[in-house]
Amino acid sequence: MDLDKTYQANLYEKDIYNLWLKNNAFKADPMSNKEHYSISMPPPNETGTLHIGHALFLTLQDILIRYHKLRGYDTLWLPGTDHAAIATNAVIEKKLTEQGINKHQIGREKFIQITKEFVGNSRETIIKQTKAMGAAADWSRLRYTLDEGLSRVVSEVFVKMYADGLIYRGNRIVNWDPKLETNVSDDEVLYQTEKTKLYTFKFGPFEISTTRPETKFADKYIVVNPKDKRYLKYKHLQTFEVEWLNGKTQATLIKDESVDPNFGTGAMTITPWHSLVDFELANKYSLDMEQVIGLDGKLLSVAKEFEGMDIIKARPKIVQKLKDKGLLISIQDDYEHSLATNSRGGGIIEPQIRLQWFIDVNKKTIDWKGQKNSFKEILQRVIREGDIKIIPKRFEKIYFNWINNLKDWCVSRQIWWGHQLPVWYKEDKIYVGLTPPEGGDWKRDQDTLDTWFSSSLWTWSTLLDPNLTTDCSLTLDEIIARSIDFKTYHPTNVLETGFDIIFFWVARMILSTTYVVKQVPFKEVFLHGLVKTETGKKMSKSDPDSIIDPLTVIEEYGADALRLSLIQGLAPGQDSKLGKTKIITNRNFCNKLWNISRYIEDKLDFNSTLRIESAADNWIIFKLNLAQKNFQKAIDKYQFSEAYQIVYHFLKDQFADWYLEVSKIEKNYSLLSYVYKQLLILIHPLAPFITEVLWQKGIKSQSTELLINQTYQEPIISSPTEENNFDIIIKLVTEIRHIKKELNLNKLTIFSEAPLILKNKETIQKLAQIKIQNESISENKISLTINQVSVDLDINDQLVSNYLLKLTQKLDKQTQLVESLNKRLQNKSYINNAPNHIVDETKQHLAEEVHNLKIIQDDIKLFSKS
RNA sequence: GGGUGAUUAGCUCAGUUGGCUAGAGCAUCUCGUUUACACCGAGAGGGUCGGGGGUUCGAGUCCCUCAUCACCCACCA
């Protein structure tokens, strides 16, 4: 096959991926008799480019898919992209703004057209990049959240929820983003601490503090704690005449426990229209609510001369007015508070009361395992009852905590990009359905759905047959019942994703899926952490140097090196670090495999009968079986890092360092070829490209199959005695190398009559770089015994004293060890309490160490004499 | 305010029912060009497992407590 001296990944990876595609290697087969294994790929935003987070989830899921293929499963890894409503909308609006265009100037239709064009180009990019990672995804089943079929399902579910009374329309306070002109869910709000001014004003007989004077125009309720002694003289609902921003006004006192008497003066005024807490308080006492700030972030007519002014600009002027009126008491400068922002590229959140659509999470009307439950209850039950297992387990606690605080989910958004609500209005009538009722002028709701509403259907809506979902004569239940992929692959086996979207996505998928299809969406959830820089910093767009671009790494070092680096040291749910040194180490690992192949290439032999002859043969077969077994155990438990370590040590420490070296003496090429072949299969899930390259170049000539389509074979049995013999040889050779190094010897002769040594004479001579004779030739000798096999090392006079010193040091250590073991065995509580096998092990261990001690003592005696 | 995680060799981390003298990789030091590999091989040094206390025959592992760092949730007049 004639390989280059080093592995150049970029010369091969594209061709290998195309080879897999050409052979339909990723394609799932629901008709297969094999067991089925499926994963839904978390759909990346189609506007994005591949970042290191994608690279991580692609690697982990690809390992699981390829591993299960090797285990003999029919696998489905279903890929897709997400329309990412708000995020995409924000990107387009930003682009328009750069061109000096406001979206209202071009209108909804044109806006959507522009978005579609942009998204169309962008989608190709992310798919191409996904392929560069080696993803064994079934591209024939590629889905997109705005596909016709998926969109229909989204509407169907909305209609169904409405019919079941689980979706309602109501006036509630929502998180309004004036920049993107939409409301967003609680989970999308990001709080950032900032320092601001805290103003204290006189309000009738009270002093009240605020960070937002601009919201205060309509304030006419003062709230205090009923236990607050300062205000005992006033009664609940007592009214006061108050001089305020717009002159004299009537204010009412409310006494409520929710006020903290220790904060400031213990008195505050409320602004129900623009604060969640105030809104709830106002609801409790049926208080008036008045809007002060418009949806555009500008003051309304209640602000009189400030009407139309931007709130931030108006603030100092309003403070000045209050000061002029003699109402300003103090200003505290560095008051710390949290500022709510829209995490999806939007602006500063302004709470507003709006008529919106909500999903009721508390209504107990949903059938689940024969009981009527609320969404909240089902979300809790599936975890508690073990239908879904979250790995690592500690996230279950976080999940439950989130559910306990869950409020009704606001699903309507005012952006244009997304699934429009299937809601129609005519005069004061509302109709919810896929198409408007016959007759009359029904107008469709202009709002779109929260992007997570469609994502929450992902595991099953993507498995519905597109030919059925676009057939209007079928009901949703009929489509579900007739879709073969759905029957075969749902529930999916595992959801692998980042812990940061456990609420957005994981919980909501459980919510929608249990409700519509009466199944859990997945049986297990594996959560990974964040990939951070080498120094443990978050990679962020604002600091371009901190970002590791997976595509650059792939180009320079190969996708395999990147994949290995991402799983090395990875622990479930834990952040991991990635840097250049790690990537280079793993590139070197690939190169090691490459060079093993270079050595083996002209020795490959799959025609001769497989024979296990030497001690080394038995040993390598034993180690191979062990590595395979432990590798499978590790992957089954999602211990990716552990799995890599097993492969790493088998390849380097066992196969390359020992077996390959031995094979230069004892030529058993059929077994060498067998082990090499199994080695490629073993490594393949972790490093698919290089292993397939080598398979194609080396092993393909003997078979027509692709490596990706192999399955694990039954292990070959090896002899434990022979395997143990090679362990003795390893220990012996290592010890001789050590002594040679310690004594600075270039040449060394040893003599031994042990059959094991004589039988493996050539091998040991080569490995330890020594000469072996079977007759004693010298007076000065170091005796070495490993598991009852003894050899004598011939050394000259000058080295004796040198070695004696080393021996004395060794004696100290050995004596201590024997003493501590003795002490333990003399401890009666230990003998009585410890399990028998532990005590027996200790006894055996002691016997060995005593024997070793005696050898050292004998040596010292011998050298001291001479 | 509530919660979670981390703390083991210079660095990055394993150590999964408590049990052999606590392990890797990288880095460091020494030596080395032999049927693939210097993106290599051989050998070595380096740890009172964050501090304190407890349970136990036995603790890196379990419990309590403190400290530092990171993150999440809630509140914020």
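Chain identifiers are assigned alphabetically (A, B, ...) following the order of the sequence lines, protein sequences preceding nucleic acid strands; residue numbering begins at 1 within each chain.
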Between Glu642(A) and Asn833(A), which has a closest nucleotide on RNA chain B that is more 5'?
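The answer here is Glu642(A).
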Residue whose nearest RNA chain B nucleotide is more 5′ - Gly569(A) or Asn746(A):
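On the 5' side of the pair lies Gly569(A).
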Residues from residues 645-654 of chain A sitting under 4.0 Å of RNA chain B, heavy atoms only?
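The answer is Tyr648(A), His649(A), Lys652(A).
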Does anything in residues 812-826 of chain A reach RNA chain B, meaning a heavy atom under 4.0 Å, and if so which residues?
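Going residue by residue through residues 812-826 of chain A, the ones with a heavy atom under 4.0 Å of RNA chain B turn out to be Leu817(A), Leu821(A), Arg824(A).
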Any side-chain N or O of [X] under 4.0 Å from OP1/OP2 of [N]?
| X | N | result |
| --- | --- | --- |
| Lys592(A) | rG41(B) | yes |
| Lys577(A) | rC13(B) | yes |
| His738(A) | rA42(B) | no |
| Asn401(A) | rC72(B) | no |

Closest to the [X] side chain, choosing from [options]:
| X | options | answer |
| --- | --- | --- |
| Arg587(A) | rC37(B), rG43(B), rC39(B) | rC39(B) |
| Ser338(A) | rG43(B), rC76(B), rU35(B) | rC76(B) |
| Ala834(A) | rG19(B), rC76(B), rC40(B) | rG19(B) |
| Asn591(A) | rC76(B), rC39(B), rU21(B) | rC39(B) |
| Thr734(A) | rC37(B), rU21(B), rG43(B) | rG43(B) |
| Lys532(A) | rA70(B), rU35(B), rC37(B) | rA70(B) |
| Phe503(A) | rC75(B), rG25(B), rC73(B) | rC73(B) |
| Lys766(A) | rU35(B), rC76(B), rC39(B) | rU35(B) |
| Lys741(A) | rU30(B), rG19(B), rA36(B) | rU30(B) |
| His845(A) | rC76(B), rG19(B), rU21(B) | rU21(B) |

Using a 6.0 Å cut-off, check whether atom [atom1] of [X] has over 12 heavy atoms from anything other than its own residue.
| X | atom1 | result |
| --- | --- | --- |
| Glu762(A) | CD | no |
| Ile348(A) | CD1 | no |
| Asn836(A) | CG | no |
| Lys537(A) | NZ | no |

Spacing of the [atom1] atoms in [M] and [N] (rounded, Å):
| N | M | atom1 | result |
| --- | --- | --- | --- |
| rG41(B) | rU4(B) | P | 45 Å |
| rG51(B) | rU8(B) | P | 10 Å |
| rC29(B) | rC71(B) | P | 36 Å |
| rU68(B) | rA74(B) | P | 26 Å |

Closer than 3.5 angstrom, by distance alone: can the side chain of [X] be matched with the main-chain N or O of [Y] as a donor-acceptor pair?
| X | Y | result |
| --- | --- | --- |
| Ser275(A) | Asp278(A) | yes |
| Asn225(A) | Asp260(A) | no |
| Glu735(A) | Leu732(A) | no |
| Asn405(A) | Asn401(A) | yes |

I'd like to know if [X] reaches the base of [N] with its side chain such that a donor and an acceptor end up less than 3.5 angstrom apart.
| X | N | value |
| --- | --- | --- |
| Arg598(A) | rC37(B) | no |
| Thr581(A) | rC26(B) | no |
| Lys637(A) | rU16(B) | no |
| Glu661(A) | rA36(B) | yes |
| Lys5(A) | rC37(B) | no |
| Gln639(A) | rU16(B) | yes |

Kindly state each residue pair satisfying ring-ring contact (aromatic ring centres under 6.0 Å, His included) with at least one member in residues 813-847 of chain A, sequence neighbours excluded.
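Pairs touching residues 813-847 of chain A that pass the test: none.
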Name every donor-acceptor pair, under 3.5 Å, that has one atom in a side chain of residues 641-651 of chain A and the other anywhere in the protein, sequence neighbours excluded.
from: Ser641(A); atom 1: OG; to: Gly569(A); atom 2: N; distance (Å): 2.9
from: Tyr644(A); atom 1: OH; to: Asn586(A); atom 2: OD1; distance (Å): 2.5
from: Tyr648(A); atom 1: OH; to: Lys652(A); atom 2: NZ; distance (Å): 3.4
from: His649(A); atom 1: ND1; to: Gln645(A); atom 2: O; distance (Å): 3.1

Distance in angstrom units between Tyr599(A) OH and rU34(B) P, rounded
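It is 15 Å, rounded to the nearest whole Å.
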Take the protein atom CG of Asn595(A) and the nucleotide atom P of rG41(B), then report the distance between them rounded to whole Å.
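Taking CG of Asn595(A) and P of rG41(B), I get 10 Å after rounding.
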For nucleotides 3-11 of chain B, 5' to 3', base contacts (B), sugar-phosphate-only contacts (S) and non-contacts (-) with protein non-hydrogen atoms under 4.0 Å give SSSS-----
Which residues satisfy the salt bridge (Lys or Arg N to Asp or Glu O under 4.0 Å) test with Lys393(A), sequence neighbours excluded?
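Scan of Lys393(A) (salt bridge (Lys or Arg N to Asp or Glu O under 4.0 Å), adjacent residues dropped) gives Glu396(A).
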With sequence neighbours left out, write down each residue that passes salt bridge (Lys or Arg N to Asp or Glu O under 4.0 Å) with Glu555(A), or none if nothing qualifies.
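Residues passing salt bridge (Lys or Arg N to Asp or Glu O under 4.0 Å) with Glu555(A): none at all.
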Partners of [X] by ring pair (Phe, Tyr, Trp, His ring centres under 6.0 Å), sequence neighbours excluded?
| X | value |
| --- | --- |
| Tyr557(A) | none |
| Tyr599(A) | none |
| Phe526(A) | Tyr638(A), Phe640(A) |
| Tyr399(A) | none |

Could you write out RNA chain B as a dot-bracket string, with dots for unpaired bases, | for bases paired across to another strand, and Watson-Crick or G-U pairs counted at under 3.5 Å?
(((((((..((((.....[...)))).(((((.......))))).....(((((..]....))))))))))))....
